[in-house]
Structures are given as C-alpha cells and as structure tokens.
2 protein chains.
Amino acid sequence: MSPGRARIPEATVSRLPLYLRVLLDLAGEQVRTVSSERLAELAGVNAAKVRKDLSYLGSYGTRGVGYDVDFLIDHVGRELGVTSDWPLVIVGLGNLGRALANYGGLSSRGFRMAALLDVDPSVVGEKIADLAVRHLDELERVAAAERLAVGIIATPPAAAQDVADRLVAAGVTAILNFAPVVLSVPDHVTLRKVDLAVELQILTFYQHHQARLRAVAGDGEESA
Amino acid sequence: MSPGRARIPEATVSRLPLYLRVLLDLAGEQVRTVSSERLAELAGVNAAKVRKDLSYLGSYGTRGVGYDVDFLIDHVGRELGVTSDWPLVIVGLGNLGRALANYGGLSSRGFRMAALLDVDPSVVGEKIADLAVRHLDELERVAAAERLAVGIIATPPAAAQDVADRLVAAGVTAILNFAPVVLSVPDHVTLRKVDLAVELQILTFYQHHQARLRAVAGDGEESA
DNA sequence: GCATGTGAATAGATTCACAGCG
DNA sequence: CGCTGTGAATCTATTCACATGC
C-alpha cells in the first residue's frame with residue numbers, strides 16, 4: 001500500500017484527470033463499482049490501458065468485480081492533488097484570459113484564482129469573475145502573500161517570455177502557456193502549452209491527407 | 001522523393017505547425033538558411049528530431065549548409081494546407097467561443113471564420129468579430145452553402161455530444177472540442193480536444209510529485 | 001569541412017494474453 | 001467463474017552515430 005511509489009509514465013499522468021472526471025460522473029449517478037472495460041469505454045481508451053494506468057497507483061481493484069468508484073476517486077484525486085489548494089494567477093486578460101478567469105469547475109478541482117494581472121491601463125482595475133485586475137508589477141506582492149502554484153500566460157506572444165521570466169523569478173514553478181511562442185524556462189519549472197492554431201493545423205493536415213488518400217484509393221483510415 | 005508518399009508519424013505531424021511558425025519568424029528576420037540545430041533550438045526540440053521530421057516530407061536540405069528557409073516554409077506549409085481555404089464554424093459563444101472568434105492570426109494560416117452558432121436567444125444576433133451569431137439550427141444551411149472544414153465546440157459539456165452529432169451529420173469531418181467531455185464520433189471524423197482543467201491537473205500532479213527531475217509533458221522546454 | 005539524411009539502437013507507450021485471485 | 005494485474009510482445013517515437021554528398 002505505498003500509493004504510487006514507482007514512477008508514473010507521462011502518458012499515464014495525462015490520462016489521470018480524464019479518469020477522475022469519468023469517475024466523478026459515475027459517482028454522481030450512484031454507481032458503486034466499475035470495470036476497466038466500462039471505465040475505458042467512458043474515457044475513450046483501451047481497457048488494458050486503464051488497468052495498467054491504475055496499476056501504477058497501486059492495486060485498488062477487486063478481481064472478478066472491478067474498482068470501487070469512491071475509493072478510486074479518492075486515490076486518483078490524491079495523486080493529482082485535488083484536495084490541495086492551488087492558487088492560480090492569470091497574466092493577460094484579453095478575450096482568452098477572461099474566458100479562463102470565468103472558467104467554471106476549477107474550484108471543485110482544488111484550484112483558486114489568486115490574481116488576475118495585466119499591463120493595459122484600460123484593463124487594470126476592471127472586475128472579472130469577482131476579482132479586480134491588478135497591474136503585472138504587483139506580481140511580486142501577490143507571490144509574497146501566498147505561494148502561487150500555477151501561472152497562466154494569456155498575453156500576446158511578444159510579451160510571453162518576459163512574463164514567464166517574471167513568474168519564474170517570483171517563484172512560480174508551473175506554467176501553462178497559451179501564447180503561440182516557444183518559451184524557455186529553467187529545468188525546475190514545469191511548462192505546458194496550449195496552442196489553438198497548432199491544434200487547427202494538425203486537424204487540417206489530416207483533412208488534407210485524407211482527401212489525398214481518398215483521391216488515390218477509397219481506403220478508410222482510423223482516427224483517434 | 002515525392003512529398004507525402006510515406007505516412008508521416010503522428011508525433012511529427014503535431015510538430016510541423018511549430019516548425020512552420022519558427023520558420024516564418026526567421027523569414028521575417030530575413031534569415032535565408034537555417035541548420036537543424038538552430039531550428040531545433042528555436043522550436044525547443046532535439047536536432048536529430050528536426051532532421052528526421054523534415055526527412056518525412058522529402059529531402060529539402062543541403063548537406064554542409066542547412067535548409068533554405070523560404071523553400072521549407074513552402075513545403076511545410078503545403079503539407080499543412082496553409083494555402084488552402086479552411087472554413088471554420090464555432091458552436092457556443094460563451095467566453096471561450098468569443099475568445100476563439102477573436103483569435104488573430106488564423107487568416108494567415110488559411111483559416112476563415114465561416115459561422116458562429118449558438119442556441120441562446122440573448123446571444124443569437126449579436127455581432128462578434130464582424131460576424132453575426134446565428135442559431136445552431138442554421139448549421140445545415142451554412143454547411144450547404146460551403147464545405148465546412150473544422151467545427152469548434154465551445155459549448156457546455158452537456159450539449160457537446162449533440163453538437164458533435166449535428167456537425168457530423170452536416171458533413172464536418174474535423175472537430176476541435178473544448179468542452180470537458182469525451183465525445184464519440186465516427187471513424188472518418190478526426191477529433192482533437194483541448195481541456196484546460198486537464199492541463200492544470202497535469203501541472204499540479206508534477207508539482208505534487210516534484211521530487212522528479214524535470215517533468216515536461218508537452219514539448220518546448222529548454223534551460224535558460 | 002560540415003550539416004544533412006538515415007539505418008541502428010534505445011526508450012517509451014500500447015496492446016496482448018493469460019496467470020492469479022476474489 | 002469474471003475481471004484484475006502484469007509479464008511479454010508489439011508498435012511508435014526518440015536519439016545516436018556516421019556515411020553521404022554538397
């Protein structure tokens with residue numbers, strides 16, 4: 001019963017939040033136990049993958065029966081730190097930043113909006129989702145008041161690296177970058193990025209190529 | 001070798017848009033040629049990976065010299081269909097949908113906002129980014145008028161599957177889903193998803209388990 | 001000489017298939 | 001029995017290392 005002492009593969013980590021959501025849905029429907037097969041179906045993955053993923057957290061299933069939903073929620077949630085308090089800071093409150101600030105369902109996952117920062121004088125002072133936007137220069141003050149868990153960058157691309165540097169200097173060690181630019185951060189900082197244009201271009205690549213394949217032969221292709 | 005003969009690995013496809021952006025930046029700085037090493041540095045990946053990725057498109061480099069920037073832009077862009085016209089439809093114009101509708105830089109990548117759809121009477125008729133929001137029921141009419149390339153779902157989770165079904169029925173074969181729910185689509189439809197809460201939870205997982213050496217799950221990490 | 005292009009080696013993720021246990 | 005848990009097999013991606021050719 002040493003919860004997840006073996007290193008959990010990256011691919012598995014990226015699926016845990018998905019499993020957690022599906023499990024919470026099941027719990028909401030009063031479902032008590034679930035098989036890897038059913039869980040896989042709901043999560044859109046393969047059943048063996050579910051079992052292997054969950055086995056990295058420990059052996060929490062019952063052979064011949066399945067997994068106890070509440071028990072799994074507890075363990076997956078613990079692994080993801082859902083019970084902790086994760087203060088977020090959003091930098092850049094254009095359309096995207098606003099959308100993120102208004103994103104529901106974060107508090108139920110342990111997140112809390114700690115501050116909204118921008119440099120535009122016409123935005124600073126504005127109230128968004130019950131929080132007043134403060135000037136980016138107040139970042140250090142905010143960081144001193146509480147340990148910021150994640151910095152979200154939703155600025156124009158030209159400002160993103162500078163903002164990242166300031167977040168890192170302020171002690172932030174996890175950054176989610178929405179600006180379409182490659183950021184450099186020190187090794188101890190975890191960085192992920194979300195890029196709308198990239199996602200769209202990946203989609204159109206496949207459109208383009210499926211069209212090509214169809215023109216050559218009527219061969220069907222699989223999509224994930 | 002003729003481009004696009006062999007199947008291009010998925011991982012490579014997902015990096016091509018990134019390379020393209022870096023190349024466009026270089027072209028903007030009047031850089032004529034670039035080595036795999038430099039390109040890798042700017043894209044935040046390994047040089048051998050860049051060479052292997054590009055080799056799937058054909059052999060467009062010059063040994064001892066590097067890659068011609070404009071020539072590469074042309075070929076990578078062609079592969080991604082940047083020169084084509086890709087009509088997009090956004091369904092759901094809450095905060096996120098609005099942010100997406102106002103997202104700049106899409107037209108330069110071959111995208112065009114074809115329609116904005118919602119079911120909320122207080123939103124229908126509103127003008128966003130120079131386009132009037134129409135009712136979702138007009139989807140079929142829009143699809144009949146022009147071949148929609150990508151459907152973007154930015155609705156509440158409960159509505160997402162229904163919207164996906166309607167998009168598919170209307171002939172859309174590529175969907176980008178921002179709703180935090182697993183969608184089912186037929187095999188011939190390409191589906192990608194972007195989920196803010198999942199991204200944040202992946203980040204906090206690594207925060208929680210910070211005894212690891214570096215943990216970067218997307219791409220684009222580099223030491224400063 | 002020098003950077004590409006690519007087989008070979010390695011690492012990582014997925015899937016299979018079945019032993020093991022409730 | 002049924003379903004988990006997991007070694008082994010497979011598939012995919014990354015990285016190495018060097019022959020190749022400008």
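Reminder, nothing fancy here: chain letters follow the sequence lines and each chain counts from 1.
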Open item on the list: Are more than 12 heavy atoms, taken from residues, nucleotides or ligands other than A/E37, located less than 6.0 Å from that residue's CD atom?
Closed with: no

TODO: Could you give me the CA-CA distance, side-chain angles and deciding distance for B/W86 and B/R109, then say whether side-chain contact (heavy atoms from CB on, under 4.5 Å) is met?
DONE: CA-CA 9 Å; B/W86 300 107; B/R109 291 178 174 84; over 6 Å; no

TODO: Give the rounded distance in Å between these two atoms: CG of A/N46 and P of D/dT4.
DONE: 13 Å

TODO: Please work out which of the three classes, parallel, tilted or perpendicular, describes the rings of B/F205 and B/H209, given edges at 30° and 60°.
DONE: parallel

- [ ] May I ask you to evaluate whether B/K49 reaches the phosphate of D/dT14, defined as a side-chain N or O under 4.0 Å from OP1 or OP2?
- [x] yes

Task: Heavy-atom contact window of chain B on DNA chain C, given 5' to 3' at under 4.0 Å - done: C/dC2 to C/dA8

Open item on the list: Does A/D68 form a salt bridge (charged side-chain N to carboxylate O under 4.0 Å, His left out) with A/R32? I'd like the steps, not just the answer.
Closed with: CA-CA 6 Å; A/D68 182 282; A/R32 297 306 209 64; 6.0 Å; no

Task: Short N-O contact, B/D74 and B/R78, less than 4.0 angstrom - done: yes

Task: Heavy-atom side-chain proximity of B/V168 to B/T173 below 4.5 angstrom - done: no

Task: Pairing of B/E146 and B/R112 as salt bridge, 4.0 angstrom limit - done: yes

Task: Selection: residues 28-39 of chain B, any non-hydrogen atom under 4.0 Å of DNA chain D - done: none

Open item on the list: Whether the side chain of A/Q161 engages the backbone of A/S184 through a donor-acceptor N/O pair (distance < 3.5 Å, no angle test) should be reported.
Closed with: yes

- [ ] Using five pairs at either end of the helix from C/dG1-D/dC22 to C/dG22-D/dC1, determine the angle between the two local helix axes and round it to 10 degrees.
- [x] 10°

- [ ] State, yes or no, whether a side-chain contact exists between A/T62 and A/Y67 at a heavy-atom distance under 4.5 Å.
- [x] no

Task: Short side-chain donor-acceptor distance under 3.5 Å, B/T190 and A/Q207 - done: no

Task: Qualifying residues under side chain to side chain contact (heavy atoms under 4.5 Å, CB included), relative to A/N95, sequence neighbours excluded - done: B/A99, B/N102

Return the polar atom pairs (N/O with N/O) between nucleotides 18-22 of chain D and the protein under 3.5 Å, or none.
residue, atom, partner, partner atom, Å
D/dT20, O2, B/R63, NH1, 2.4

- [ ] Would you check if A/I202 and B/P17 make a side-chain contact, meaning some heavy-atom pair closer than 4.5 Å?
- [x] yes

TODO: Just jot down the side chain to side chain contact (heavy atoms under 4.5 Å, CB included) partners of A/A159, sequence neighbours excluded, or say none.
DONE: A/T155

